[in-house]
Amino acid sequence: MLQVAFIRENKETVLKGLAKRNVKNAEELVAKTIAADEERRATQTASDAILADLNKLAKDIGQLFKAKEVQKAEVLKQKTVVLKEKSKELADKLQNITTELQELLYLIPNIPAEIVPAGNSAEDNLNIFQKGEIPVLHEGALPHWELAKKYDIIDFELGNKITGAGFPVYKGKGAKLQRALINYFLDKNTDAGYDEVQVPHFVNEDSAYGTGQLPDKEGQMYHDAQDNLYLIPTAEVPVTNIFRDVILKESDFPLCKTAYTPCFRREAGSYGADVRGLNRLHQFDKVEIVRIEHPSKSYEALDGMVNHVKEILTELNLPFRILRLCGGDMGFTSALTYDFEVFSTAQDRWLEVSSVSNFETFQANRLKLRFKNSEGKSELAHTLNGSSLALPRILAGLLENCQTPEGIKIPKVLIPYCGFELIN
RNA sequence: GGAGAAAUGGCAGAGUGGUCGAAUGCGGCAGUCUUGAAAACUGUUGAGGGUCACACCUCCGGGGGUUCGAAUCCCUCUUUCUCCGCCA
């Protein structure tokens, strides 16, 4: 959520940013927000004035009672009646306008960074880096879901039976390879200075609002209505919320966390060929990195995260590219996002395996995540996160790109983690 | 799940209807002293809104209520602790 004061004072910047995202009715949205903010402040001022009067009267009445001047006190008491009525009225109005303002603010996405390209869709994303050779597969090479079946390492039907579509069962070397990947990713992250945390897989409403999943993505999360808890769609939510309602010292920066969690996504409305096999699941494993940074350092940190993920993909020897997302394709809360895509050779398509973003103060504002700056004033921190990495599509890429007539050749770095070199 | 107790500033801990945004101690920061440090002493030290700056307003776990006036009384929710039950 953007700060109202920022919108008020930087109307043009906001409009320009929204234009880059192709937000419809941006003019109207911003105008309404500014109007609501003005009304809110005017109402608050009026309400405060009456409250001040009431406070004064209450104090005077107290004095009079003490002085045993009951008559005079009763007279003043009468005077409060009208004021209280007015105050109630204004308080209601204040509440309404505050809610209205809040709802408007929830509709405004983050302002894209300067270098974010304009554009409407994935077509307009900027390919800024590509590495790794796309292997030429042998005759009869298979897509990963066929390989999974052939070697009996992932059982989609079994998952269907137990739960439903999008909940696969990993078996044997498949299960072990998953575990190996998780450990390898976590080790890479902790070696790079990220503190490992284990967090709840359910979050409450406040947390879901804190990182921006609510109210924009309500339908994407599994919801336990009985206890009003949400299954996490990403570790970003619980991990970033560690810092909700926190005031840091400048010396606390940078705060770097990593966590492995399963992720749960309803993915309502997405069916078809794109979701075959491991391409899109309702439950999948992911290792996440999260950073809390001083505003002056956050873009440096973002570059660091990008390089970190780059290194992992290079070690895995997978062909990948990095995209700088365009305004139209970027997430609601992000100011700048880099997507990492691995090439799925047998499917002849790129699969997103990581998304690394700087949210600047957008999440911090909702989270009330601040720090004391050098002048002793509270200032919003910057939050960042990225996948490092999402498991299923990495697995898909590995299976497809590393297949040989003899079997799947495990990348060198993973062999110590899984204890075998070949799936056959 | 049942019974009881509790929730106050970074921490500890007073405060049971008005003078309380809140005593006191510890911690933090600044200063005096010192070659420097420690100790001692002095001052300062919650968040948000609002204002050019003041004034002023809100916040004592969350929400609601009683009252001219609530940290203090009532209702409700949440959390923590103790006892009982259940249990990986």
Side-chain angles (χ1 to χ4, degrees), chain A residues 1-9 33-102 104-105 198-210 214 223-230 238 241-253 255 262 292 361 363-381:
Chain A
M1 183 168 71
L2 294 176
Q3 296 172 92
V4 212
F6 178 83
I7 299 175
R8 195 196 308 148
E9 286 154 23
T33 305
I34 290 174
D37 171 48
E38 253 162 46
E39 196 184 342
R40 206 221 94 229
R41 281 182 297 147
T43 310
Q44 169 121 52
T45 306
S47 170
D48 283 358
I50 288 181
L51 284 176
D53 289 348
L54 280 170
N55 286 344
K56 178 84 172 41
L57 280 172
K59 228 171 239 181
D60 291 348
I61 290 167
Q63 294 295 332
L64 288 173
F65 272 126
K66 199 158 266 179
K68 303 243 165 24
E69 304 202 56
V70 180
Q71 292 288 327
K72 284 187 181 170
E74 289 300 330
V75 174
L76 288 190
K77 264 190 175 182
Q78 281 308 311
K79 285 176 76 173
T80 65
V81 176
V82 184
L83 283 176
K84 279 184 82 171
E85 222 164 88
K86 243 194 233 171
S87 166
K88 180 87 176 64
E89 227 169 83
L90 281 169
D92 288 347
K93 190 178 170 196
L94 185 61
Q95 185 156 29
N96 288 338
I97 188 70
T98 303
T99 307
E100 190 188 321
L101 177 62
Q102 188 67 237
L104 284 164
L105 287 170
Q198 276 195 9
V199 288
H201 301 346
F202 274 107
V203 292
N204 59 28
E205 219 176 15
D206 285 348
S207 293
Y209 271 103
L214 289 178
H223 181 219
D224 166 24
Q226 202 167 7
D227 296 304
N228 197 24
L229 296 173
Y230 294 86
N241 271 283
I242 291 173
F243 304 100
R244 172 153 50 84
D245 256 318
V246 164
I247 300 180
L248 300 163
K249 292 184 290 245
E250 256 182 337
S251 58
D252 292 332
F253 294 121
L255 283 155
I292 314 296
T361 61
Q363 290 183 328
N365 189 30
R366 284 200 202 175
L367 291 162
K368 295 200 180 69
L369 166 50
R370 294 159 292 178
F371 69 97
K372 286 274 179 219
N373 65 20
S374 49
E375 288 160 5
K377 292 232 170 85
S378 291
E379 193 180 329
L380 293 173

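Basis for what follows: all heavy atoms, side chains included, without hydrogens, waters or symmetry-related copies. Here is the naming used below: chain letters follow the sequence lines, and residue numbers restart at 1 for every chain.
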Tell me the interatomic distance from [X], atom [atom1], to [N], atom [atom2], rounded to whole angstroms.
X	N	atom1	atom2	value
A/Glu379	B/G48	CD	P	12 Å
A/Asp60	B/G18	CG	P	16 Å
A/Lys372	B/A30	NZ	P	15 Å
A/Leu54	B/G69	CG	P	7 Å
A/Lys368	B/G49	NZ	P	10 Å
A/Asp206	B/U78	CG	C1'	11 Å
A/Arg8	B/G50	CZ	C1'	10 Å
A/Asp252	B/G10	CG	P	15 Å

> Atom CG in A/Leu101, atom CZ in A/Arg40: separation rounded to 0.5 Å?
Replying inline: 7.0 Å

>> With rounding to the nearest 0.5 angstrom, report the CG to CD distance, A/Leu105 to A/Glu100.
In response: 11.0 Å

> Does A/Arg370 have a side-chain nitrogen or oxygen under 4.0 Å from the phosphate oxygens OP1 or OP2 of B/A47?
Replying inline: no

>> Tell me if a side-chain donor or acceptor on A/Ser47 pairs with a main-chain N or O of A/Thr43 at a distance below 3.5 Å.
In response: no

> Checking all strands, does A/Thr80 fall into the base, sugar-phosphate, or nothing category for heavy-atom contacts under 4.0 angstrom?
Replying inline: sugar-phosphate

In whole angstrom, give me the gap between the [atom1] atoms of [N] and [M].
N	M	atom1	result
B/C77	B/C86	C1'	25 Å
B/G17	B/U72	C1'	7 Å
B/U42	B/C26	P	11 Å
B/A23	B/A47	P	15 Å
B/C57	B/A22	P	13 Å
B/G50	B/U34	C1'	46 Å
B/U16	B/A71	P	13 Å
B/G64	B/C59	P	11 Å

Side-chain polar contacts of residues 48-70 of chain A - donor-acceptor pairs under 3.5 angstrom, sequence neighbours left out - could you list them?
unit_1  : atom_1 : unit_2  : atom_2 : d
A/Asn55 : ND2    : A/Leu51 : O      : 3.4
A/Lys56 : NZ     : A/Asp60 : OD2    : 3.2
A/Glu69 : OE1    : A/Lys72 : NZ     : 3.3

> B/G49, B/A47, B/C68: which one has an atom nearest the side-chain heavy atoms of A/Ile247?
Replying inline: B/A47

> Between B/G18, B/A47, B/G50, which nucleotide gets closest to the side-chain atoms of A/Arg41?
Replying inline: B/G50

Mind listing the closest non-hydrogen atom pair of [X] and [Y] along with its distance?
X	Y	answer
A/Ser378	A/Ile247	OG-CD1, 4.4 Å
A/Leu380	A/Arg370	CD2-CG, 3.7 Å
A/Arg244	A/Asn204	NH2-OD1, 3.8 Å
A/Lys372	A/Glu250	O-CG, 3.6 Å

> Are A/Ile292 and A/Asp252 close enough that some pair of their side-chain heavy atoms sits under 4.5 Å apart?
Replying inline: no

> A/Leu248 versus A/Leu255: any side-chain heavy-atom pair under 4.5 Å?
Replying inline: yes

>> What does the B/S/- profile of nucleotides 55-62 of chain B look like, 5' to 3', with a 4.0 Å heavy-atom cutoff to protein?
In response: -SSS----

>> Can you work out whether A/Ile61 or A/Arg40 has the more 5'-proximal nearest nucleotide on RNA chain B?
In response: A/Arg40

>> By nearest heavy atom, map A/Gln95 and A/Gly62 onto RNA chain B; which one lands nearer the 5' end?
In response: A/Gly62

> Under 30°, 30 to 60°, or over 60°: which ring-plane class applies to A/Phe371 and A/Phe253, parallel, tilted or perpendicular?
Replying inline: perpendicular

> What about A/Lys66, does its side chain sit under 3.5 Å from the base of B/U19 through a donor-acceptor pair?
Replying inline: yes

>> Requiring both pairing distances under 3.5 angstrom, list the stems that contain RNA chain B and are made of three or more consecutive Watson-Crick or G-U pairs.
In response: B:1-7 with B:78-84, B:10-12 with B:24-26, B:27-32 with B:40-45, B:46-49 with B:56-59, B:61-65 with B:73-77

